Amino acid sequence: MFLINCPFCGEREQSEFKAGGEAYLERPKQPTELSDDEWAEFLFMRKNIKGVQFERWNHAHGCRKWFNIARDTSNDQIKAVYKMGEKPPVK
Amino acid sequence: MSKNLRFKSSKLVDETYRISFKFNNKTYYGYKGDTLASALLASDVHLVGRSFKYHRPRGIMTAGSEEPNAIIQLHDNTSRTEPNVRATEIEIYEGLVASSQNCWPSVNFDIGGINNFLSPIIPAGFYYKTFMWPKSFWEKYEYFIRKSAGLGKSPKETDPDIYEHKYIHCDVLIIGAGISGIIAAKMAAKNGLKTLLMDEKSFLGGSTIYDNSEFSKINNQITSSWLEKEINEISKLENLEIKTRTSVAAFHGYNFLLARENLTDHLPISQRENKIRHRLLKIRSKKVINATGAIERPLIFDNNDRPGILLSSAMKKYIDLYGVACGENNILFTNNDTAYETAMSLLQRGIKVNAIIDNRVEIDSKLSYEVEKNNIRIFKGYTVVDTYGYKRINGLSIMQLSKDGQKVIGKKIKLSCDSLGVSGGWTPAVHLFTQSGGKLKFREDDQVFIPNKYPSDQLSIGSCNGDLSLEEITTNTVLSVKKFLNINNTDYKTFEITTGINKSKRNIWLLPSDKILGKTKSFVDYQNDATAKDIKLALREGFRSIEHVKRYTTTGMGTDQGKLGNMHALGIISETAGTKMGEHGTTTFRPPYTPLTFGTIVGRNVGEFFDIIRRTPIHDWHVANNAKFENVGQWKRAWYYPKANENMHQAVQRESKAARDCAGILDASTLGKIDIQGTDASEFLNRVYTNAWSKLAIGKCRYGLMLNEDGMVYDDGVTTRLDENHYIMTTTTGGAANVLGKLEDYLQTEWPELDVYLSSVTDHYATISVCGPHSKKIVSKVIPDLDFSDEKFPHMSFKNTKIGQIKCRVMRISFTGEQSYEINIQSNYGKSVWEKCMEAGKDFNITPYGTETMHLLRAEKGFIIVGQDTDATMTPIDLQMDWIVSKKKYDFIGKRSLYRSDTIKDDRKQLVGLLTENPKEVLEEGAQIVADIKKSPIEMLGHVTSSYYSPNLNKSIALGVVKGGKKMLGQKLIIPMENKNINVTVADPVFLDKEGERLNAKL
Ligand SMILES: [Zn+2]
């Protein structure tokens, strides 16, 4: 079970958090301009990386804030935790 | 009277404290400190159970948690009964009652034993192959399998014991209090680290604590004495907490571990009252040190499973620690020096060792010479080829091994014995290390897997790290712990070690026999009866991955997870397939390391504490008025209020009729309420709901539908504009938390530029809904100062007002289609306002109704319930709710998905009304809907989502989803049931008052 360092609250048990899937998927500003395929790309397609993956997490049973995590999916190591809008500190 | 095999002056057993217990209805005696296994062995009982598949007689094999055979049922037919308890772990207490499991009618005469003779027709994969065909026979097979197989019985009564959970945070957790664990604990604690040391046994010191031989010394002291002094010293250390009878069940990532502390299982039942039985420890440790030791390997030869055959180390433990001899005429069979230690322990007490059979040709250790000096025959370069005796070994035959160890040669020699100790060397106990995600490497020298890559801040020391000699254990432990904990000062300088054994070993995974393989029964997994032959068969049939072989042969799938035989399975696979060890993977050991009771897992979360229960502020009134309750999420909601002898149907019919004919009252406090404020609140609602919100006037209410980005209906509810920048949104009862989460997500991550603040206020307000033609009169009496005229207070509007001194909000909104008012007031006034409404409505036959009537009333109106009439595949268009989808808005959540090629298809499942040919016939919710029952296979068009008998329409009504249903109005369809087909007609989903006249009805 992860020990997640919430950027607002500090280290907390994983059970306080909710995973929110892949990060950096921006909702298209003009969905109506998109073809079915382009919209489906945003809607359905997700990466499945072996290695460092950027994820959204929510401190659901804490400060309710969303933030980002860079996690190595091959060994579950959390490489970085950072606020929304900040640049990822790792590659 | 059975023989007494107890010898005086053992280390652990208190001979002044005699204990009686029952095993298979017979009374036995043991002493305090005994395990059930040691006490039985002292009474010469080896046969304790039957194997799972062949029902072969099985005896005690080990002296620890790795035991595959001696698993028993405790206190059968009582509330404290527990299956699958290892006799080698349970400490005896006065009044203990144990029985063999997996045998019927008794361990001595077992019907299933016939499987042993049928075994040629029960090969690996037997269950898969046979029972899959013909399918219709499964029920018959199952009956016999269930009767003759079985891994114990689960209790039928409520568990009387108390369990609890506890969180622990520490600097260093040391798992295992053998010699390396003790050394590490002393080093950590003396350097100021908060240290926790735990061991599954009742005593400290592991197997070293009974290493009493003159041949084994540390710094010129007998090893066990040296360790005793160390233990004495650490028990006084302040930073160190020691927990015995505590076994780690799981080692998860980030050094999160679960351990079970056993507090009362060793006490007489009379002393357990009001005490906590097990404590589940949830441990977060900065650093973890695995000192879990090693498990001795058996040897794989024909009939290696008879009662009386034990691990040689177990034999040593029973005599040295418990003072119990496993037999009077012992033979040891080994491929390494370990067995010579056992031989010496037996010889020192004058117990007969008939012979030692050693796979090795050259043996060169102090102890082996010592054994020879005692005139014990050592058969060098020999192997056991068979054993004899059905319920107890009485002899064996041996032959010489060929040079390459692949064949046996020469003449067969027969030897007699009543107990056989086997040693195939040692397997580091890496279970917890691999559970945590650690990667292993294979060490060719002695054919063991050892830790290689650590996934977290942890270290393995001692024999679980592959340091198997006393010298390696002591020296390497100090060096690596120093580095790991980053400490300089320790009490340990150098260790002067003397031992009588060497590391030499001749490893042969499957020992050869003079019989062909097909005629042998060389068990690899004792608990699941998997033999070497089965594994080879699996390989022949094309299985390669160890995980597949494991499932096909069931090797390692017992409650012991194959702690003894998994290495041999791997060895036999790699030998047969001609590959390197580990190439086919190693099996994964999964939590728990040893089985946990359900009680331990749930802790205090039982009975009324099983889950959080949410009650509305009016709950007590419902209880006092005989309400039946329904669980909606964590909420208890009044379901219906039966009067006198009414059943549910009668109550709901009465309530439904009253709500339309006079007045009804509903506790709607559970609806989710989200307070929305900010200058962009209107814009925000525009984006999250399908309809337009910017033009909603202050004081008005509007129904909204919320979609997921994929266009599917997610939630619905009425939102009211309280002020320019202030709204209150209602959500479904079950959806409240998720809706808030979703809205927060959009606000924080997609639209951070919006000035909007959300707050859950579900619990802040009680919500009382009064409906029906008399509703206006009733609420006017409760709030006489408020003008309830239709002109001043029309449908879909709201007023701020007061009841007495207490502020409240009244919304005129309706989920029943009747004229209806919703009073929202601070929670703690909810009950008194409800009572006021009841009082005011007395003359108008005001009738409290529950969720069932609410569902019926809204179904008459064709109003959907999200989650009942929808699943995550219904768009608003599918629901015939096109009217609520704004065409003008540029965007809202899910809009683009409403015209994807898939969502615009005509033949999607769409919501329709259904009327039965026989108006008295009520459909079953969930029933399938079809058009043509003659065609095979029958095409399923959809299913019934809501169905009721309407007392207001005097007929059965239903809602359902049907493929292309929108265009089927008036068409006949069929609901096929088990014993009949029900004819229905597709109808408009609005069954009552399509014009909405009842919203303003006057009586
Ligand atoms: Zn937080």
Side-chain angles (χ1 to χ4, degrees), chain A residues 1-5 7-8 11-15 17-46 54-69 71-78 83-86, chain B residues 167 169 250-258 282-286 436-439 453-457 591 687 707-712 737-738 740-753 757-760 887 889-904:
Chain A
M1 193 157 70
F2 299 160
L3 195 59
I4 298 173
N5 193 6
F8 305 93
E11 266 187 354
R12 295 289 190 279
E13 294 282 333
Q14 184 186 339
S15 53
F17 298 86
K18 229 169 126 175
E22 192 181 324
Y24 302 111
L25 279 174
E26 201 185 336
R27 187 177 187 274
K29 288 271 180 297
Q30 296 172 315
T32 44
E33 315 281 302
L34 302 181
S35 69
D36 266 13
D37 283 351
E38 286 166 331
W39 180 245
E41 184 68 30
F42 161 73
L43 202 54
F44 302 122
M45 297 314 205
R46 296 293 180 270
F54 299 103
E55 301 169 343
R56 293 154 15 97
W57 282 74
N58 181 228
H59 195 181
H61 302 285
C63 62
R64 267 170 42 193
K65 283 283 192 187
W66 283 89
F67 55 90
N68 287 326
I69 278 182
R71 180 175 66 99
D72 189 331
T73 58
S74 67
N75 57 17
D76 264 352
Q77 294 300 311
I78 294 174
K83 291 177 185 170
M84 283 285 165
E86 287 177 2
Chain B
Y167 287 89
H169 297 263
F251 191 164
H252 295 296
Y254 291 74
N255 285 351
F256 180 72
L257 298 96
L258 296 173
K282 301 178 173 185
I283 308 161
R284 217 31 118 161
S285 185
K286 286 185 188 135
S436 76
K439 298 276 176 276
K453 262 175 93 177
Y454 292 101
S456 63
D457 206 356
R687 296 186 193 185
L707 310 185
N708 266 328
E709 213 56 279
D710 62 6
M712 304 305 158
N738 290 335
L740 180 68
K742 183 184 160 97
L743 299 183
E744 276 287 357
D745 186 356
Y746 275 91
L747 268 182
Q748 288 180 35
T749 68
E750 293 294 349
W751 309 317
E753 71 280 4
Y757 303 89
L758 306 175
S759 189
S760 168
K887 305 273 181 305
K889 281 201 292 182
Y890 179 71
D891 193 13
F892 56 83
I893 296 172
K895 179 179 166 104
R896 175 61 185 83
S897 291
L898 295 180
Y899 54 94
R900 286 180 55 239
S901 58
D902 187 54
T903 43
I904 53 170

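Order of the sequence lines sets the chain letters (A, B, ...), proteins ahead of strands, with each chain counted from 1. If you're wondering where the values come from, they're calculated on a predicted model, not measured in any experiment. Any value given below was found using the heavy atoms of this structure, including those in side chains, with hydrogens, waters and symmetry copies removed.
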Any chance you could measure [X], atom [atom1], to [Y], atom [atom2], to the nearest 0.5 Å?
X	Y	atom1	atom2	answer
A:Glu11	B:Tyr254	CD	OH	10.0 Å
A:Leu3	B:Lys286	CG	NZ	11.0 Å
B:Glu750	A:Met84	CD	CE	9.0 Å
A:Met1	B:Lys282	CE	NZ	7.0 Å
B:Thr749	A:Glu26	OG1	CD	10.0 Å
A:Asp37	B:Ser901	CG	OG	8.5 Å

Basic-acidic side-chain contact under 4.0 Å: B:Asp891, A:Arg27: yes

[X], part contacting chain B, at a heavy-atom distance under 4.5 Å:
X	result
A:Lys18	side chain
A:Asn75	neither
A:Leu25	backbone

Which answer fits [X], side chain, backbone, both or neither, if we ask what part of it has an atom under 4.5 Å from a heavy atom of chain A?
X	value
B:Asp745	both
B:Phe251	neither
B:Tyr890	both

Pairs of heavy atoms under 4.5 Å with chain B: top-ranked of A:Ser35, A:Ala40, A:Gly20, A:Pro31: A:Pro31

Donor-acceptor contact present, side-chain A:Gln77 to main-chain B:Ser456, <3.5 Å: no

Distance-minimising heavy-atom pair for [X] and [Y]:
X	Y	answer
A:Trp66	B:Gly741	NE1-O, 4.3 Å
B:Arg896	A:Thr32	CD-CA, 4.2 Å
A:Trp39	B:Glu709	CZ2-O, 3.7 Å
A:Leu43	B:Ser897	CD2-OG, 3.4 Å

Over 12 non-hydrogen atoms of neighbours within 6.0 angstrom of OH in A:Tyr24: yes

Neighbour count >12 (heavy atoms, 6.0 Å) for atom NZ, B:Lys889: yes

Residue pair B:Leu740 / A:Arg64, side-chain heavy-atom distance below 4.5 Å: yes

